[in-house]
Amino acid sequence: MIFSRITGTGSFLPGAPVSNDELIARHRLESSDEWIVERTGIRARHLAPPELAASDLALEASRRALASAKRSPNDIDLIVLATSTPDYIFPSTATILQGKLGITNGAAAFDLQAVCGGFIYALAVADKFIRSGSHRCALVVGAETFSRILDWQDRSTCVLFGDGAGAVVLEASDSPGIHATALHADGRYGPILQAAGHLAGGQPLGDPFLRMDGQAVFKFAVKVLAEVAEEVIAAAGKRPADIDWLVPHQANIRIMQATAKKLQLPFEKCIVTVDHHGNTSAASIPLALDEAMRAGKIGAGETALLEGVGGGFTWGAALLTL
Ligand code: ACO
């Protein structure tokens, strides 16, 4: 039987961290460091300068993941890149990344759009490709420049997000690796978190900025993250006590605390980077995973539950041994 296993991780954050106070001063927001920290856990985020696009962030994260997996770019036969802030309408950011990495072997490459649920979707898709036997060495990336779709006059959203990228190399293996994945979506909840702009006749129409009903998102996220965690633990034939680490989407520390509580996991088992990354959407989980692995916090052979939720709404989880 073929399984898939993460063999390398990498991440990249653009520029210097921007503190809450700096952001508040820069945009003359009626807010405070105290409010933001208390309601979200966020203290700082990174913001990409105008010359850097999602593919540039993805490139650095991918180079680091390839180096940690001891792979060269042409070993990759599949790129799945999750983003809601692509470089262009087309070509896909995955193929732009492929070009920048110098991959010339004809590897398949495509973008996947599931907003903050994107990395889990990308990981599950790559896992299924590898399990099918069609591909053996995938680059799975989450890369975002959410700062480009923020309304800096809307204090209830602009303080929450940051830019960045994370990547993993996922390879065929005789043993798991990924034990189980679960993916879900419910389009009825689209309006509570959306960026509803579009193009018509070559002109941007509608509202291009992210809009959110924060309280509705909060309730929805806590509910589905607990449900999908239980689902994937059961599908893997494990128990919550078998989980060494929870690596959740980094949206809000209170969502993470509520999820850990519902799973009866001590919060010390939860990897937290939202305090210094903010919410980097599809990039947040691989960023958190890479940071924890490089810091020696998560060790090889340990079991991690990765889970995400985002606009659409989409949500999912993956249970894996590292
Ligand atoms: N600074 C100061 N005050 C603020 C700010 C701010 N940055 N933002 C909102 N407020 C004000 C509101 O205007 C409101 O004022 P009012 O009472 O005078 O009307 C007051 O604070 C309370 O607003 P609420 O929306 O009720 O605050 P809440 O405690 O719900 O916190 C928050 C808002 C942080 C957005 C919260 O609802 C939340 O975290 N929701 C989850 C959303 C999330 O994480 N989204 C990320 C994207 S989705 C995803 O990744 C899954």
Side-chain angles (χ1 to χ4, degrees), residues 4 40-41 82 84 112-128 131 140 142 160 176-194 212-274 279-286 288-289 298 302-322:
S4 77
T40 71
S84 300
L112 193 155
Q113 217 262 43
V115 202
C116 305
F119 183 76
I120 297 294
Y121 265 67
L123 190 68
V125 167
D127 173 57
K128 288 174 199 306
R131 280 176 184 247
V140 185
L160 302 177
I178 296 184
H179 298 279
T181 59
L183 299 178
H184 296 286
D186 189 336
R188 290 174 300 173
Y189 291 88
I192 64 172
L193 176 61
Q194 59 180 358
M212 178 179 72
D213 177 343
Q215 290 189 2
V217 169
F218 193 101
K219 281 185 205 141
F220 189 89
V222 171
K223 178 177 175 291
V224 299
L225 286 174
E227 284 171 3
V228 79
E230 282 166 8
E231 179 187 348
V232 86
I233 289 168
K238 306 252 182 212
R239 294 166 301 130
D242 298 327
I243 309 299
D244 295 311
W245 296 103
L246 180 64
V247 189
H249 169 49
Q250 307 282 317
N252 181 318
I253 199 156
R254 292 188 295 137
I255 295 179
M256 293 187 252
Q257 286 163 340
T259 310
K261 196 172 166 193
K262 280 201 168 190
L263 291 172
Q264 298 182 321
L265 283 179
F267 196 57
E268 301 78 64
K269 289 189 168 197
C270 183
I271 301 296
V272 177
T273 54
V274 71
N279 179 347
T280 57
S281 190
S284 90
I285 294 170
L289 180 66
I298 300 183
E302 291 196 300
T303 300
L305 175 65
L306 278 46
E307 60 173 0
V309 56
F313 254 71
T314 66
W315 65 101
L319 187 74
L320 47 96
T321 299
L322 288 153

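- Side chain of T259 to main chain of I255: a donor-acceptor pair is present (N/O by atom type, distance under 3.5 Å, no hydrogens or angles).
- Pairing each heavy atom of A180 with each of A235, the nearest pair is CB-CB, 3.9 Å.
- Separation of atoms CH2 (W245) and CG (L322) is listed at 11.5 Å; rounding is to 0.5 Å.
- Looking at residues two or more places apart in sequence or on another chain, you find a ring-ring contact (aromatic ring centres under 6.0 Å, His included) between F313 and F220.
- Other residues, nucleotides and ligands contribute more than 12 heavy atoms inside 6.0 Å of the NZ atom of K269.
- Taken from CG in L112 to CD1 in I120, the straight-line distance is 11.5 Å, to the nearest 0.5 Å.
- The NZ atom of K128 sits 10.5 Å away from atom CG of L123, with the distance rounded to the nearest 0.5 Å.
- The CD atom of Q264 sits 13.0 Å away from atom CD1 of I243, with the distance rounded to the nearest 0.5 Å.
- The two residues L319 and V232 come nearest to each other via the heavy atoms N-CG2, 4.1 Å.
- No side-chain heavy atom of T40 sits less than 4.5 Å from a side-chain heavy atom of V274.
- F267 places a side-chain heavy atom less than 4.5 Å from the side chain of I253.
- A donor atom on one side chain and an acceptor atom on the other are not found under 3.5 Å apart for H184 and E227.
- The distance from the CG atom of L305 to the CG atom of L265 is 8.0 Å, given to the nearest 0.5 Å.
- Between G118 and A282, the shortest heavy-atom contact is CA-CB, 4.3 Å.
- With hydrogens and angles left out, the side-chain atoms of T303 and D242 include no donor and acceptor closer than 3.5 Å.
- Annotation for C116 and H249: closest pair CB-NE2, 3.2 Å, computed over non-hydrogen atoms.
- In this structure, T314 contributes its side chain and A114 its backbone to a donor-acceptor pair below 3.5 Å.
- Nearest heavy-atom pair across V309 and A221 is CG1-CB, 3.8 Å.
- Rounding to the nearest 0.5 Å places CG of L289 at 5.5 Å from CG of L306.
- Here the closest heavy-atom approach between residue Q250 and residue M256 is recorded as OE1-CE, 3.3 Å.
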